[in-house]
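Residue numbering restarts at 1 for every chain, and letters A, B, ... go by the order of the sequence lines. Note that the structure is a prediction, hence the values are computed from the model and not measured.
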2 protein chains.
Amino acid sequence: MKDIETIISELSSEGFRATKIRTSMIELFLKVKGPASAHEIMSILSKKKVRFNKATIYRELVFLKERGLIQEVRLPHERGMRFEAAHQAHHHHLICVNCKKIADIVLQKELEEQENEIYRSTGFQVLGHTLEFMGLCQGCR
Amino acid sequence: MKDIETIISELSSEGFRATKIRTSMIELFLKVKGPASAHEIMSILSKKKVRFNKATIYRELVFLKERGLIQEVRLPHERGMRFEAAHQAHHHHLICVNCKKIADIVLQKELEEQENEIYRSTGFQVLGHTLEFMGLCQGCR
DNA sequence: CTAGTTGCAAACATTTTGCCACTAG
DNA sequence: CTAGTGGCAAAATGTTTGCAACTAG
């Protein structure tokens, strides 16, 4: 995601509006570390005294996703969806099983080797992957 | 998962019962390839003329999971949970974005290298991971 | 017999939809 | 003004629970 002004002006030039909820949500995704759930988004907005209806939040998530500004993240053992700003470096998540904090991680060595092996052994052409690590963060060890 | 007779006799010896639904579900998990959703399980049982109520299926899934016979699998972009027989070799899934088929894959080279790197660079101690590959299966390419 | 199991209906959690009112540009 | 947006309530999904009835061993 680019900076907020750029995003807003691109939206405006296509006829979309810079409403309070929309700009708040874009700001939120630019600031927040790690993927956020709809529930978390709503409680953050509440703390900022932004008034909203949950249907609006879900609709805005769809809107931002369709425009490629955010992307879905699904974590193991969680019910709902999470969302994070898109166009970040390709990364994965470190999920602490104790304190539940989620950190981003960029691997030095990605999975090309494994993906090539998959192609050679099965003929399956890998287009993407999701990889989440569960464990104990430094503070919880 | 061991063979059905062993499982049933272990359950019996602990006071649990070998009911129609339970044995059908254990058989199903032994047979089915790839992780199954509650919905899929129910439609397979229906075809086998096993009568059931959905609450029973969900309760049985909890039971089998707590006993370590099955484990949860969560796929990206899917709403619900899936389950697969536990105690298989550690493996991942190949999800065809076209035909939606899910195949198991055992990697020759697992992720130790990446996990060591994570520990060195962040202090996060990896205990497990989930890794799913999206792409095109041989038939759909 | 009786603890384990089931069915049923209702509650839950999360997300989506229809419809009409509202407002940014 | 008017297309895009928001609020509200209800529907749709997927899963869980309370409770009384049933049944395997």
Side-chain angles (χ1 to χ4, degrees), chain A residues 4-5 7-28 35-46 48-67 69-83, chain B residues 4-5 7-26 35-46 48-67 69-83:
Chain A
I4 182 104
E5 292 80 14
I7 296 170
I8 294 297
S9 78
E10 285 179 4
L11 290 178
S12 298
S13 72
E14 291 174 62
F16 300 109
R17 298 183 191 158
T19 58
K20 183 71 183 149
I21 291 172
R22 176 164 295 159
T23 49
S24 304
M25 283 180 68
I26 295 173
E27 276 173 4
L28 187 157
S37 64
H39 186 82
E40 286 170 357
I41 291 166
M42 292 192 259
S43 84
I44 293 172
L45 292 181
S46 292
K48 291 190 183 179
K49 314 287 183 211
V50 179
R51 292 182 46 56
F52 60 86
N53 177 281
K54 66 181 187 323
T56 306
I57 302 302
Y58 281 107
R59 274 192 284 237
E60 190 61 23
L61 287 170
V62 170
F63 175 84
L64 296 174
K65 187 177 66 174
E66 280 173 350
R67 303 215 85 239
L69 293 168
I70 61 172
Q71 58 200 14
E72 292 180 5
V73 177
R74 199 168 258 295
L75 301 183
H77 309 296
E78 268 201 357
R79 263 178 147 166
M81 251 17 146
R82 284 173 178 270
F83 300 85
Chain B
I4 182 105
E5 291 79 15
I7 295 169
I8 294 297
S9 79
E10 285 177 4
L11 288 179
S12 297
S13 72
E14 291 173 62
F16 299 108
R17 297 185 191 157
T19 59
K20 183 72 183 148
I21 291 173
R22 175 163 295 157
T23 49
S24 304
M25 282 180 69
I26 296 173
S37 64
H39 185 83
E40 286 169 359
I41 291 166
M42 292 191 261
S43 85
I44 293 172
L45 292 182
S46 292
K48 290 191 185 180
K49 315 288 183 209
V50 179
R51 293 182 45 56
F52 60 86
N53 177 280
K54 68 180 188 314
T56 306
I57 302 302
Y58 281 108
R59 276 191 286 237
E60 190 62 23
L61 288 170
V62 170
F63 175 84
L64 296 174
K65 186 176 67 173
E66 281 172 350
R67 302 215 86 239
L69 292 169
I70 61 172
Q71 59 200 16
E72 291 179 7
V73 177
R74 200 169 256 295
L75 301 183
H77 310 296
E78 269 202 356
R79 257 178 148 162
M81 230 66 113
R82 284 175 179 269
F83 300 84

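In this entry the distance linking CZ of B/Arg79 with P of D/dT15 reads 10 Å, nearest Å. Computed from coordinates, the B/Leu64 CG to D/dT15 C1' distance equals 16 Å when rounded to whole Å. Following rounding to the nearest Å, A/Phe63 (CZ) and C/dT17 (C1') show an atom-to-atom distance of 19 Å. Note: CE (B/Met42) to P (C/dG7) measures 12 Å, nearest angstrom. Taking atom NE2 on A/His39 and atom P on C/dC12, their separation rounds to 16 Å, with Å as the unit. Atom CD of A/Glu14 is separated from atom C1' of D/dG4 by 13 Å (rounded to the nearest Å). The interatomic distance linking A/Lys54 (NZ) with D/dT5 (C1') rounds to 17 Å, in whole Å. Between the P atom of C/dA13 and the NE2 atom of A/His77 lies a distance of 21 Å, rounded to the nearest Å.
A/Met42 and A/Ile57 get closest at one heavy-atom pair: CG-CG1, 3.9 Å.
The side chain to side chain donor-acceptor pair (under 3.5 Å) check on B/Arg17 picks up nothing, with sequence neighbours excluded. The side chain to side chain donor-acceptor pair (under 3.5 Å) check on B/Lys20 picks up nothing, with sequence neighbours excluded.
None of A/Leu11, A/Val50, A/Ile8 except one satisfies the side-chain contact (heavy atoms from CB on, under 4.5 Å) rule with A/Thr23; the exception is A/Ile8.
A/Leu61 has its side chain out of reach of A/Glu72: every pair of non-hydrogen atoms, C-beta onward, lies at least 4.5 Å apart.
Salt-bridge annotation for B/Glu78 and A/Arg74: absent, with no side-chain N of the basic residue lying under 4.0 Å from a carboxylate O of the acidic one.
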Assign a letter to each nucleotide of nucleotides 17-25 of chain D from its 5' end: B, base within under 4.0 Å of a protein heavy atom; S, sugar-phosphate only; -, no contact. BBB---BBS
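Within the 4.0 angstrom heavy-atom criterion, no nucleotide atom of any strand lies near A/Leu61.
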